[in-house]
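Since the structure comes first, as structure tokens, the remarks are kept for the end.
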Amino acid sequence: MREMQVRQLGQSGLSASAQGLGCMGMSDFYGPADDNRSIETIHRALDLGITLLDTADVYGPFTNERLVGQAMRNRRNEVVLATKFGNMRAEDGTFLGINGRPEYVFKACDASLNRLGVDVIDLYYQHRVDPETPIEETVGAMAELVAQGKVRSLGLSEAAAATVRRAHAVHPITALQTEYSLWSRDPEGELLETCRELGIGFVAYSPLGRGFLTGRFRSPDDLAPDDWRRNNPRFQGDNFQRNLDLAAKVTEIASTNGCTPAQLALAWLHAQGDDIIPIPGSTRAERVEENAGAIHIRLSADDLDALAAIAPAVSGHRYPEGGMRAVNR
């Protein structure tokens, strides 16, 4: 397989693979997990030159950071380690709200360092913006973590353009992480323009539409009983059936390009700019290998036009009502 490319994340000097690996599904939300297989998957990603590993304290909860820490124990120098704080969960998984208060920032970081088994986090995100705490206070505390040597660079997730500007004025923001894919085009316009103006890298999560764009789902029954996607509006009822037509168009265009639907969806994101790093998730080494091939696919102008026409056809919000209230703050 050809060599993975490298990208600069913002103006911080932090570089990472042009495509990362989202580790959430290895521990939570998408059905049963297998730690041994997940560790093999992470190792295969590193072998392929995929350096950006993305986790969060809320995944598991808490178990995904331990898993990632175990997987990279003897390979820390190969990893650009990203984790997040702010979404609070109890040990039993109950969601407790969003917290961006400075005292919590310090506590959450120390806990993540301990679970990961590392001395420093390369990229530390606020997972969701706390509407009760001014972003200046949260980022001010995050900046103290940088000064203390516990964190190398700072990020935000699902923040609005105005919030990004306020945060960046306190301390340089290296990356903004937001859902972005063929069927989630929300960042286009003000948000991406703001990142580019300020020199902030963009990390695209769920670049495969939570798996829908791969063509693997034919009905909601294809999901495990405890799979979070059963509660996602795009995977429910009439929305699911309408979105199948969208996935079929992706599959059709992929076929004409001699690639898989997943590779096509990722190649489309790569075509949107060198400042965009998608982080597709997977629990299987063979899927990581497949996804890695997307970086070398070049799409024609006609392909890009055909794919651009897909977004208006998507049916349903990307989160249930409560989740939508927590994004773009």
Side-chain angles (χ1 to χ4, degrees), residues 9-10 12-14 16 20-24 26-28 51-73 76-77 79-91 93 95-159 163-164 166-178 200-201 203 205 279 326 329:
L9 270 169
S12 65
L14 184 68
L21 177 63
C23 299
M24 180 190 76
M26 296 176 178
S27 303
D28 208 358
T51 62
L52 181 59
L53 300 184
D54 185 271
T55 181
D57 56 5
V58 74
Y59 302 156
F62 316 122
T63 56
N64 195 245
E65 286 185 323
R66 296 188 184 101
L67 175 70
V68 171
Q70 181 182 352
M72 67 176 196
R73 184 163 298 152
R76 177 64 178 97
N77 63 341
V79 174
V80 177
L81 177 61
T83 192
K84 316 177 199 70
F85 75 93
N87 278 329
M88 297 192 303
R89 287 175 81 184
E91 290 285 349
F95 279 89
L96 303 175
I98 298 172
N99 193 338
R101 294 190 295 275
E103 62 273 17
Y104 181 74
V105 175
F106 302 133
K107 178 181 177 182
C109 181
D110 286 343
S112 286
L113 288 168
N114 182 61
R115 285 188 292 266
L116 289 161
V118 299
D119 297 322
V120 61
I121 295 163
D122 298 310
L123 178 55
Y124 198 42
Y125 291 100
Q126 183 184 20
H127 207 161
R128 291 291 186 272
V129 175
D130 179 359
E132 305 300 323
T133 304
I135 192 66
E136 291 82 359
E137 293 184 13
T138 303
V139 175
M142 295 168 72
E144 288 189 43
L145 295 173
V146 175
Q148 294 169 10
K150 295 180 178 181
V151 169
R152 290 198 171 101
S153 57
L154 305 184
L156 301 176
S157 179
E158 290 287 0
T163 304
V164 172
R166 289 167 55 197
H168 193 70
V170 175
H171 186 281
I173 299 299
T174 292
L176 174 70
Q177 182 177 137
T178 296
I200 297 171
V203 175
Y205 77 84
I279 51 168
R329 283 177 168 167

Do Ser153 side-chain atoms and Asp122 backbone N/O form a donor-acceptor pair below 3.5 Å?
yes
Any side-chain heavy atom of Val203 within less than 4.5 Å of one from Leu9?
yes
Would you call Asp54 and Lys84 a side-chain contact if the rule is heavy atoms closer than 4.5 Å?
yes
Could you measure the distance from the CG atom of Asp110 to the CZ atom of Arg115? Nearest 0.5 Å is fine.
10.5 Å
Smallest heavy-atom separation, Ala90 atom then Leu96 atom, equals N-CD1, 3.6 Å
Checking Ile121 against Ser112 for the side-chain contact (heavy atoms from CB on, under 4.5 Å) test, could you report, in this order, the C-alpha distance in whole Å, the side-chain angles of both residues, the deciding distance, and whether it holds?
CA-CA 9 Å; Ile121 295 163; Ser112 286; 4.3 Å; yes
For a quick test of your reading: what N or O donor-acceptor pairs under 3.5 Å do the side chains of residues 98-107 make, sequence neighbours left out?
{"residue": "Asn99", "atom": "OD1", "partner": "Arg101", "partner atom": "N", "Å": "2.9"}
{"residue": "Arg101", "atom": "NE", "partner": "Glu103", "partner atom": "OE2", "Å": "3.4"}

Using every non-hydrogen atom in the two residues, find where Thr174 and Ser12 come nearest and quote the distance to one decimal.
OG1-CB, 3.1 Å
Leu156 side chain near Ile135 side chain, heavy-atom distance below 4.5 Å
yes
Please answer whether the main-chain N or O of Cys109 pairs with a side-chain N or O of Tyr124 as donor and acceptor at a distance below 3.5 Å.
yes
Under 3.5 Å: donor-acceptor pair, side chain of Arg166, backbone of Ala169:
no
Walk me through whether Gln126 and Leu154 qualify under side-chain contact (heavy atoms from CB on, under 4.5 Å).
CA-CA 8 Å; Gln126 183 184 20; Leu154 305 184; over 6 Å; no
Between Leu123 and Ala175, which heavy-atom pair has the shortest distance, and what is it?
CD2-CB, 4.1 Å
Rounding to 0.5 Å, atoms CZ (Arg128) and CE (Met88) come to a distance of 14.5 Å
Report the C-alpha separation of Glu65 and Val68 in whole Å, then their side-chain angles, then the decisive distance to 0.1 Å, and conclude whether the side-chain contact (heavy atoms from CB on, under 4.5 Å) test is met.
CA-CA 5 Å; Glu65 286 185 323; Val68 171; 5.9 Å; no
Does any non-hydrogen side-chain atom of Asn64 lie less than 4.5 Å from one of Asp28?
no
With His127 via ring-ring contact (aromatic ring centres under 6.0 Å, His included) - residues at least two apart
Tyr59
For the atom pair CE (Met72) and OG1 (Thr51), what is the distance rounded to the nearest 0.5 Å?
12.5 Å
Note: Asp57-Arg89 ion pair, threshold 4.0 Å (strictly below):
no
4.5 Å side-chain heavy-atom contact, Arg152 and Val120:
yes
Closest heavy-atom pair and its distance - Arg329, Thr163
O-OG1, 2.7 Å
What are the two closest non-hydrogen atoms of Ala159 and Leu176, and how far apart are they?
N-CD1, 4.0 Å
How close do Thr83 and Ala56 get, counting heavy atoms only, and between which atoms?
OG1-CA, 3.3 Å
Stepwise, does the side-chain contact (heavy atoms from CB on, under 4.5 Å) test hold for Leu53 with Val80?
CA-CA 6 Å; Leu53 300 184; Val80 177; over 6 Å; no
